[in-house]
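All remarks here apply to the structure that follows.
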Amino acid sequence: MVLSIYDTFSRAPKEISSGNGVVSMYCCGPTVYRDAHVGNLRTFLLSDLIARTIRLSGLNVDMVQNITDVGHMSDDFQEDKMLEQSEKEKIDPFEIARKYEERFHHDLSNLNIIPAQKYPRASESIELMHEMISALINKGAAYVAEDQCVYFDAQSFEGYGQISGNRLDSLKPGHKYEFVEDGAKKFHADWALWKTAGNRKEMIWDSPWGPGFPGWHIECSAMSLKFLDSHVNVHVGGIDLRFPHHENERAQSNSITGTESVDLWVHGEHLLFEGRKMSKSAGNVVLLNDVIAKGFDPLALRLCFLENRYRSQMDLSWQSIASAHDTIKRWRSKIAGWGLSNSIKIDSTILAFLENDLETPRVITYLRSVEKDSNLTDAEKSNAFLFADQVLGLHLSRPEKVKALSEELNLLLAERENARAAKNWALSDELRIRLESAGLEISDSAAGQSWSWR
RNA sequence: GGUGGAAUGGCCGAGAGGCGAGGCAAGGGACUGCAAAUCCCUCUACACGGGUUCAAAUCCCGUUUCCACCUCCA
């Protein structure tokens, strides 16, 4: 068996394909002008789940994720997101890019996401894009307009819109935004491959069409074809990218290769936070660092995502993160008690759930039932959890990290032990409150007082 | 207007023709000096109207509501 995933293009589950036992994957990466929020991270986790499941089935994965550090325009179409942020922070745009790129990798690591093989940067792939744009012009799929920009000719690509279901003739120009007819494009659905510099002074490159900068969609085509040998087995991205980004990417890539360049399009649904879309204006943008700052294990967020289907919108809340945090803690402690084995046996039930369109919610439910099943031995329970954890990635075999206690807390603990020995309950309770507010969890049993970090 | 989804108990959410997931919250109990943690128990739902079927939350038709995308949002 191999993994089947729902394919947006054919609207049905489809088995993943591979060449020589290696599955090529491309995942649309971040635009590094700000921190990734937990919604972005959900999509990045999706590619990790796919890659881990593929590996569990015995195949290899070659994954590429781009870093967009130029060409992604702000909502008003006027300014590059990078330059806008550069203006705000008074830092060079490339420094901005490296800063947020670094933080992006840090977030991935905190979420226990296995790194891709390559993270090519748009700003370092300009030559690649030039080559592709030239090739598209030669094939008659793109044209240089009067405004010195190069546009893709949407009508040249038969089957434009098949991923999203949109049709060129029913796409209304400018429905969402006020449509500004600049006269340069031949058709309203055409998009820019290369934009002329105009007044722009930073982040511009020379090109056969004059100084300028690349459009957003061309980078993914250029990088995916270059670094994955002209064919992508699995393409991953957020649902919002289905149209127009992936539609345009497909048109570009297929025009170059003359074939269907992507086998399987996977889209992750969006995340709401406490019932609302995360947005700056709503003030409910949550970062992984916010989760960590509240004292939660970042992997609690991972568990929250795993408990929901990747294709469903989900509603995240602080309560669900807190609950996931406790669950992971309990599992780690139980697994430590059951004992770890150095050889993990295949659990075909779990594998079947995963290979059937990444049914991680079922895996979690199954694990909860294993946890409670008194007919299973400790070794069997431990094996089920550790097998699943190869994909779940919750570090379930890791003993709870023990932060060193400060001297002050040590003294308080000793003091409380004495108070308990003297049956001075009032003092003992008061000390417990102080210890708990410092983040400790105190438990008393016949064996005496013990503690752990919350 | 076009396109892609969704509607399940106080909340979050799996399930996709038959035997009522699970979690959180709440209430009760065990344990405890009292707690915390843990364990046990309780609480029972599928938007509306038709249809198909022995049987529908699940399939079909219609309605309503919600979300997303519509030309540079993960």
Would you call the rings of [X] and [Y] parallel, tilted or perpendicular, where under 30° means parallel and over 60° means perpendicular?
X	Y	value
A/H246	A/W265	tilted
A/H130	A/W194	perpendicular
A/W216	A/H245	parallel

Nearest listed nucleotide, side chain of [X], among [options]:
X	options	result
A/N166	B/rC72, B/rU38, B/rG2	B/rG2
A/T43	B/rU3, B/rC39, B/rA74	B/rA74
A/R11	B/rG5, B/rU71, B/rA37	B/rG5

Under 4.0 Å between any heavy atoms, over every strand shown, what does [X] touch: base, sugar-phosphate, or nothing? Just pick one.
X	value
A/G268	nothing
A/K423	nothing
A/I364	nothing
A/R276	nothing
A/H267	nothing

Worksheet item: What's the verdict on salt bridge (Lys or Arg N to Asp or Glu O under 4.0 Å) for A/R416 and A/D444, showing C-alpha distance, side-chain angles and the deciding distance?
Response: CA-CA 11 Å; A/R416 183 165 184 276; A/D444 300 321; 2.9 Å; yes
Worksheet item: At their closest point, which heavy atom of A/L41 faces which heavy atom of A/F305, and how far apart are they?
Response: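 Closest heavy-atom pair between A/L41 and A/F305: C-CE1, 4.4 Å.
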Would you be so kind as to tabulate the donor-acceptor pairs closer than 3.5 Å made by side chains of residues 32-40 of chain A, with sequence neighbours excluded?
from, atom 1, to, atom 2, distance (Å)
A/R34, NH1, A/N40, OD1, 3.4
A/D35, OD1, A/R103, NH1, 3.3
A/D35, OD2, A/R103, NH1, 2.8
A/H37, ND1, A/G39, N, 3.0
A/H37, ND1, A/N40, N, 3.3
A/H37, ND1, A/N40, OD1, 3.3
A/H37, NE2, A/N40, OD1, 3.4
A/N40, OD1, A/H37, N, 2.8

Discussion item. For B/rA74, is there a stacking contact with A/H270, counting only centres under 5.5 Å and planes under 30°?
Written reply: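 Yes.
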Worksheet entry | Within 6.0 Å of CZ in A/R98, more than 12 heavy atoms from elsewhere |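 Buried by this count: over 12 neighbours within 6.0 Å.
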Worksheet entry | Below 4.0 Å: OP1/OP2 of B/rU38 and any side-chain N or O of A/K372 |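 A/K372 to B/rU38 OP1/OP2: no side-chain N or O under 4.0 Å.
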Item to complete: Please determine if a side-chain N or O atom of A/R368 lies less than 4.0 Å away from the OP1 or OP2 oxygen of B/rG23.
Response: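 No, because none of the side-chain N or O atoms of A/R368 sits under 4.0 Å from OP1 or OP2 of B/rG23.
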Item to complete: Applying salt bridge (Lys or Arg N to Asp or Glu O under 4.0 Å), run through A/K329 and A/E441 and close with a yes or a no.
Response: CA-CA 12 Å; A/K329 253 185 84 168; A/E441 206 167 80; 3.6 Å; yes
Practice prompt. Rounded to whole angstrom, note down the P distance from B/rC34 over to B/rG18.
Written response: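 Result for the P pair: 49 Å, nearest Å.
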Practice prompt. Run through A/N110, A/D297, A/N112 and flag the one making a side-chain contact (heavy atoms from CB on, under 4.5 Å) with A/R302.
Written response: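 Among the candidates, only A/N112 passes.
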Fill in: Set of ring-ring contact (aromatic ring centres under 6.0 Å, His included) partners for A/Y119, sequence neighbours left out
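A/Y119: ring-ring contact (aromatic ring centres under 6.0 Å, His included) contacts with A/H105.
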Item to complete: Let me know, please, whether A/R311 or A/P244 comes out on the 5' side of the other along RNA chain B by nearest nucleotide.
Response: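 Its nucleotide being nearer the 5' end, the pick is A/R311.
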Worksheet item: Given that A/T31 and A/Y6 both sit by RNA chain B, which one's nearest nucleotide is further toward the 5' end?
Response: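 On the 5' side of the pair lies A/Y6.
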Item to complete: Treating a pair as Watson-Crick (purine N1 to pyrimidine N3 plus N6-O4 or O6-N4) or G-U wobble (N1-O2 and O6-N3) with both distances under 3.5 Å, list the stems of 3 or more consecutive pairs that involve RNA chain B.
Response: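 Only these stems qualify: B:1-7 with B:64-70, B:10-12 with B:22-24, B:26-30 with B:38-42, B:47-51 with B:59-63.
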Item to complete: At under 4.0 Å between heavy atoms, which parts of nucleotides 27-35 of chain B does protein reach? Answer with one letter per nucleotide, 5' to 3': B base, S sugar-phosphate only, - none.
Response: ------BBB
Distances for protein N/O vs nucleotides 11-16 of chain B N/O pairs under 3.5 angstrom?
from, atom 1, to, atom 2, distance (Å)
B/rG13, OP1, A/D315, N, 3.0
B/rG13, O5', A/N308, OD1, 3.4
B/rA14, OP1, A/N308, OD1, 3.4
B/rA14, OP1, A/R309, N, 3.0
B/rG15, OP2, A/R309, NH1, 3.0
B/rG15, O3', A/R362, NH2, 3.3

Worksheet item: Would you say the ring centroid of A/F104 lies under 6.0 angstrom from that of A/F44?
Response: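 Yes - the distance between ring centres of A/F104 and A/F44 falls below the 6.0 Å cut-off.
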Worksheet entry | side chain to side chain contact (heavy atoms under 4.5 Å, CB included) involving A/L272 - partner list, sequence neighbours excluded |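 Scan of A/L272 (side chain to side chain contact (heavy atoms under 4.5 Å, CB included), adjacent residues dropped) gives A/K277, A/Q313, A/D315.
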